[in-house]
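Atom set for the values below is all heavy atoms of this structure, side chains included, hydrogens, waters and symmetry mates excluded. Numbers for residues simply follow the sequence, beginning at 1. Indexing begins at 1, ligand by ligand and atom by atom, following the structure's order.
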Amino acid sequence: MHLKIITHEKVVFDEDVDEIYSRGVDGEFGILPNHIPVMTALDIGVTKVIQSGTPRYFTTMGGVFQFKDNEGILLTTTAEDGRDIDVARAKEALERAKAHLAEHNAELDIKRAEAALARAMARLKASLNN
Ligand code: ATP
């Protein structure tokens, strides 16, 4: 089966895979070849693919995953290969988000800080696994 991970800026991944694991808004899911058609909204998190027994990790920051006829398309606002993550930058973003959350801001700011925290955690998780 095949998977494309696409943002509005670029195609981040476009290869054959044996297994796909990601996190939808309803929880984690896995896709093996010949899975029935699926369409789901994605959470901020890590998408893992297995190729010939080897895992690869990508951050996928929301969006939509569609699978049909052994073709997966993951459309997301931001995606990074775990191998390309700037770990120091993600750690700084995590600390900034934590500091914002400790400040008791208006609800909009809290949501933004929570999203920034989730992105930073996804980046650290994707980079640690590589
Ligand atoms: P920061 O506060 O560090 O900018 P952010 O979560 O606000 O983090 P985004 O708005 O999600 O950043 O991403 C902006 C751009 O920077 C995207 O192209 C994204 O791929 C890239 N990017 C952000 N953080 C990292 C990182 N730690 N390593 C590599 N690329 C990153």
Side-chain angles (χ1 to χ4, degrees):
M1 61 183 183
H2 196 84
L3 177 66
K4 277 188 188 161
I5 301 177
I6 303 169
T7 71
H8 62 275
E9 283 179 344
K10 58 183 173 179
V11 177
V12 176
F13 182 79
D14 185 3
E15 294 183 24
D16 287 340
V17 297
D18 302 313
E19 300 168 44
I20 304 166
Y21 299 93
S22 191
R23 180 201 284 267
V25 288
D26 298 325
E28 304 214 338
F29 62 86
I31 303 283
L32 296 175
N34 303 317
H35 197 289
I36 56 165
V38 170
M39 179 136 145
T40 186
L42 294 172
D43 204 350
I44 293 172
V46 175
T47 295
K48 170 178 162 181
V49 303
I50 311 275
Q51 293 176 302
S52 307
T54 303
R56 286 183 66 182
Y57 300 87
F58 299 86
T59 55
T60 43
M61 311 302 201
V64 172
F65 173 74
Q66 187 182 46
F67 186 82
K68 194 177 176 224
D69 298 334
N70 281 332
E71 291 280 340
I73 297 180
L74 198 158
L75 288 170
T76 181
T77 44
T78 311
E80 294 116 14
D81 187 324
R83 296 180 293 203
D84 297 334
I85 299 287
D86 178 338
V87 174
R89 178 174 167 180
K91 283 184 178 165
E92 282 169 19
L94 184 75
E95 292 312 316
R96 264 199 316 277
K98 280 184 183 168
H100 281 142
L101 283 170
E103 280 172 16
H104 303 290
N105 274 325
E107 193 179 347
L108 187 67
D109 289 334
I110 290 171
K111 287 207 169 119
R112 279 178 56 188
E114 281 174 348
L117 186 85
R119 289 196 300 274
M121 284 171 59
R123 286 177 174 126
L124 292 173
K125 190 173 163 198
S127 68
L128 277 178
N129 281 315
N130 279 281

ask   = Which pairs with one or both residues in residues 7-21 pass salt bridge (Lys or Arg N to Asp or Glu O under 4.0 Å), sequence neighbours excluded?
value = Glu15-Arg56
ask   = For Arg83, does its backbone N or O pair with a side-chain atom of Asp81 as donor and acceptor, under 3.5 Å?
value = yes
task = Please work out which of the three classes, parallel, tilted or perpendicular, describes the rings of Phe67 and His35, given edges at 30° and 60°.
result = perpendicular
Show me the short polar-atom pairs for ligand 1: any N or O of it lying under 3.5 Å from a protein N or O, with distances only.
from, atom 1, to, atom 2, distance (Å)
ligand 1, 2 (O), Arg96, NH2, 2.6
ligand 1, 3 (O), Arg89, NE, 2.9
ligand 1, 4 (O), Arg89, NH2, 2.9
ligand 1, 6 (O), Arg119, NE, 2.6
ligand 1, 6 (O), Arg119, NH2, 3.2
ligand 1, 6 (O), Arg123, NH1, 2.8
ligand 1, 7 (O), Arg119, NH2, 3.4
ligand 1, 11 (O), Arg119, NE, 3.2
ligand 1, 11 (O), Arg123, NH2, 2.9
ligand 1, 16 (O), Arg89, NH2, 3.0
ligand 1, 20 (O), Glu80, OE2, 2.4
ligand 1, 24 (N), Arg89, NE, 3.3
ligand 1, 24 (N), Arg123, NE, 3.4
ligand 1, 24 (N), Arg123, NH1, 3.4
ligand 1, 27 (N), Asp86, O, 2.9
ligand 1, 28 (N), Asp86, N, 2.8

task = Answer whether the closest heavy-atom distance between the side chains of Phe58 and Val49 falls below 4.5 Å.
result = yes
request  = Identify which one of Arg123, Lys125, Arg119 satisfies the salt bridge (Lys or Arg N to Asp or Glu O under 4.0 Å) criterion when paired with Glu80.
outcome  = Arg123
Residue pair Leu94 / Leu124: nearest heavy atoms and the distance that separates them = CD2-CD1, 3.9 Å
